Amino acid sequence: MISVPDAIKAIQDSILPLELVKLNIEDALDQVTHNPINSPIHMPPFAQSAMDGYALNGDNLPSYTLIAEIQAGASAENIHLQHGEAARIFTGAMVPGGTTAIAKQEIVERSNEQITLTTSVKQNENIRPLGEQIKKGEIALNEHTVINAGAAGFLYTLGLHEVEVYRKPKVCIIATGNELVKPGEELPVGKVYESNTYTLKTALKGLNIHADIQTVKDDYASTKESIHKAMTNYDLLITTGGISVGDYDFVGKAFEELGVETLFYKVKQKPGKPVFFGKHASSYVFGLPGNPAAVLSCFYMYVLPAIKTMMGNNQPFLETRKLALKGSYSKTKSLSHFLKARAFGNEVEIMNAQSSAMLSSFATANCLLFMPEGQDEWKSGDLVEAYMLPN
């Protein structure tokens, strides 16, 4: 049995990113760049009007003579304003040569082809210069950048439509247990609804990762066969249940017989002590406990960072904050505890329903408090480490 920090280090030391793929940008959401991406153009690619108004040549003259109108998308290469001349111009349009400033239309009075200003304008006012946002050849996105909507939009403005990113892992989730019934079906006496695979599948959707799920009865041959097929066809296998030492816990035995390399088994923590992490050929394997809250805690602390690492993310672990504990807490020194909690400002409050079988507190928790082994008492106001949960 190892400590929580050692379990985290085992994941950091063991997992490598998957291979690179070139994708349409819209298909690369939440994936990670490998190399810097340079801009193929200046942005904006020409001096651009920031307002609907009038391009002027000359500083705050008594009047200007209109000689042209320039819409967005039209070329102004053949227009050059002389002193005292102006051009009607619209937001995003190309600024003609000779322009000293753009007056927004609200401060302009027009009479036929003559305009006057009601307020003065400054040199270069309302002009977006060539390359103001980025110049051709400069780095648009650094390596190890996660593609979000903003990053995608920025690349699109530069005329790019493809990006090279680390591949997403193919994930399979297997739940074991004779007691499990699919949600939506009638619940017989003695049975429980199978929530773990659906919970994990939903959590993975936050990374735009599809997971295949299946349920296996408490039968050794079936368990072994399902695990073997999953390790052959997927990059990551997550099992829930059957990893402890009960008479019907067959997952650990199947891992051993199939030659799964154990990287750690059992972590000095509560909930989720009997968590397994291993490797088989090119596949990684997590064996999670069966209790729903333990499953989700282990997912956020270990499985999610592993997946992000496989996708090339160099900051895969949950954000941590030091917060002041509201209330007190006590435990034994032998185990670390992960507690569902609610952070507000610089404080954090431990929630009710901390049992490993209870998911209700996860519905409103926004962090997991890490209460490390070796300490047994915390007083109100003590600083504690909070792992912030994804939104």
Side-chain angles (χ1 to χ4, degrees), residues 1-15 196 199-200 203 206-207 243-244 263-277 286 288-309 313-391:
M1 189 157 55
I2 66 172
S3 68
V4 170
D6 285 343
I8 290 173
K9 187 175 186 301
I11 292 170
Q12 291 174 316
D13 292 345
S14 304
I15 294 185
N196 288 336
T199 301
L200 294 176
L207 286 175
I243 193 61
S244 194
L263 298 173
F264 64 73
Y265 175 51
K266 293 188 177 178
V267 180
K268 290 187 282 185
Q269 67 180 40
K270 182 181 178 181
K273 182 172 71 173
V275 58
F276 176 94
F277 173 52
F286 279 98
L288 306 185
N291 281 321
V295 167
L296 199 51
S297 294
C298 290
F299 173 81
Y300 283 128
M301 292 306 303
Y302 305 123
V303 182
L304 182 61
I307 290 172
K308 287 186 174 183
T309 301
N313 193 319
N314 61 357
Q315 294 182 316
F317 292 90
L318 297 177
E319 173 198 352
T320 60
R321 298 179 190 172
K322 290 288 187 181
L323 301 174
L325 180 64
K326 187 176 180 181
S328 60
Y329 186 73
S330 61
K331 67 172 185 62
T332 63
K333 291 184 178 182
S334 60
L335 296 177
S336 297
H337 283 194
F338 289 109
L339 305 173
K340 284 84 75 180
R342 188 79 189 169
F344 46 97
N346 294 320
E347 292 185 308
V348 63
E349 186 172 20
I350 298 170
M351 305 180 71
N352 295 323
Q354 292 294 331
S355 165
S356 63
M358 297 180 180
L359 272 178
S360 57
S361 51
F362 258 121
T364 52
N366 61 6
C367 63
L368 287 174
L369 287 192
F370 175 56
M371 316 302 269
E373 62 178 288
Q375 185 173 345
D376 57 358
E377 296 285 343
W378 284 263
K379 302 185 300 296
S380 186
D382 285 349
L383 290 180
V384 291
E385 187 172 30
Y387 285 84
M388 306 308 298
L389 296 173
N391 293 330

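Bear in mind that the values here come from a model prediction, so they are computed numbers and not experimental data.
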Hey, mind stepping through Phe344 and Lys326 against side-chain contact (heavy atoms from CB on, under 4.5 Å) and telling me if it holds? CA-CA 10 Å; Phe344 46 97; Lys326 187 176 180 181; 3.6 Å; yes
Between Phe276 and Phe286, is a ring-ring contact (aromatic ring centres under 6.0 Å, His included) present by the stated rule, with each step listed?
CA-CA 5 Å; Phe276 176 94; Phe286 279 98; 8.7 Å; no
Is there a side-chain contact (heavy atoms from CB on, under 4.5 Å) between Glu385 and Lys322? Walk through the geometry before answering. CA-CA 5 Å; Glu385 187 172 30; Lys322 290 288 187 181; 4.1 Å; yes
**Request:** Determine, step by step, whether Tyr302 and Val4 satisfy the side-chain contact (heavy atoms from CB on, under 4.5 Å) criterion, reporting the C-alpha distance in whole Å, the side-chain angles of both residues, the deciding distance to 0.1 Å, and the verdict.
**Result:** CA-CA 10 Å; Tyr302 305 123; Val4 170; 3.7 Å; yes
- prompt: After noting the C-alpha distance and the side-chain angles of Val303 and Leu200, does the key distance pass the side-chain contact (heavy atoms from CB on, under 4.5 Å) rule?
  reply: CA-CA 10 Å; Val303 182; Leu200 294 176; over 6 Å; no
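Under the 3.5 Å distance criterion, the side-chain polar atoms of Ser356 are left unmatched by any main-chain donor or acceptor of Ala294. At least one donor-acceptor pair under 3.5 Å links the side chain of Arg342 to the backbone N or O of Thr364. Side-chain N or O atoms of Ser328 include none that pairs as donor or acceptor with a backbone N or O of Ser380 at under 3.5 Å. Between the side chain of Tyr387 and the backbone N or O of Phe317, no donor-acceptor pair lies under 3.5 Å. Lys331 contributes a side-chain N or O that, together with a main-chain N or O of Gln375, makes up a donor-acceptor pair within less than 3.5 Å. Checked by atom type and distance alone, the side chain of Asp382 never pairs as donor or acceptor with a backbone atom of Leu325 at under 3.5 Å. Under the 3.5 Å distance criterion, the side-chain polar atoms of Asn346 are left unmatched by any main-chain donor or acceptor of Ala324. The closest donor-acceptor contact from the side chain of Asn313 to the backbone of Gln315 lies under 3.5 Å. Under the 3.5 Å distance criterion, the side-chain polar atoms of Gln354 are matched with a main-chain donor or acceptor of Lys340.
Using bins of under 30°, 30° to 60° and over 60° for the plane-to-plane angle, the ring pair Trp378/Tyr329 lands in the tilted bin. Ring geometry for Phe277 versus Phe264: interplanar angle of 30 to 60°, hence tilted.
Residues satisfying the salt bridge (Lys or Arg N to Asp or Glu O under 4.0 Å) test with Lys9, not counting sequence neighbours, are Asp13.
Listed here is the closest heavy atom pair of Leu369 and Ala386: CD2-CB, 3.7 Å. Looking at every heavy atom in both residues, Leu318 comes nearest to Pro390 through CD2-CD, 4.0 Å. Between Lys268 and Ser3, the closest heavy-atom pair is CE-N, 4.0 Å. Of all heavy-atom pairs spanning Val267 and Ala7, the tightest one is CG2-CB, 4.0 Å. Considering all non-hydrogen atoms of both residues, Ala341 and Ile350 come closest at CB-CA, 4.2 Å.
In this structure the side chain of Leu304 reaches within 4.5 angstrom of the side chain of Leu207, judged on heavy atoms. Residues Asp376 and Ser330 form no side-chain contact, since every pair of their non-hydrogen atoms from C-beta on lies 4.5 Å or further apart. Proximity of Ser297 to Phe362: side-chain heavy atoms (C-beta onward) are separated by under 4.5 Å at one or more points. By the 4.5 Å heavy-atom criterion applied to side chains, Val348 and Cys367 are counted as neighbours. Counting heavy atoms from C-beta outward, Leu389 and Leu368 have side chains that approach closer than 4.5 Å. Within the 4.5 Å cutoff, the side chain of Met371 has heavy atoms near those of the Val384 side chain. Residues Thr199 and Leu296 meet the side-chain proximity criterion, which asks for heavy atoms closer than 4.5 Å.
More than 12 non-hydrogen atoms from other residues, nucleotides or ligands lie less than 6.0 angstrom from CG of Asn314. No more than 12 heavy atoms of other residues, nucleotides or ligands sit less than 6.0 Å from atom CE of Met358.
Once rounded to the nearest 0.5 Å, the distance linking CE of Met301 with OG of Ser336 reads 9.5 Å.
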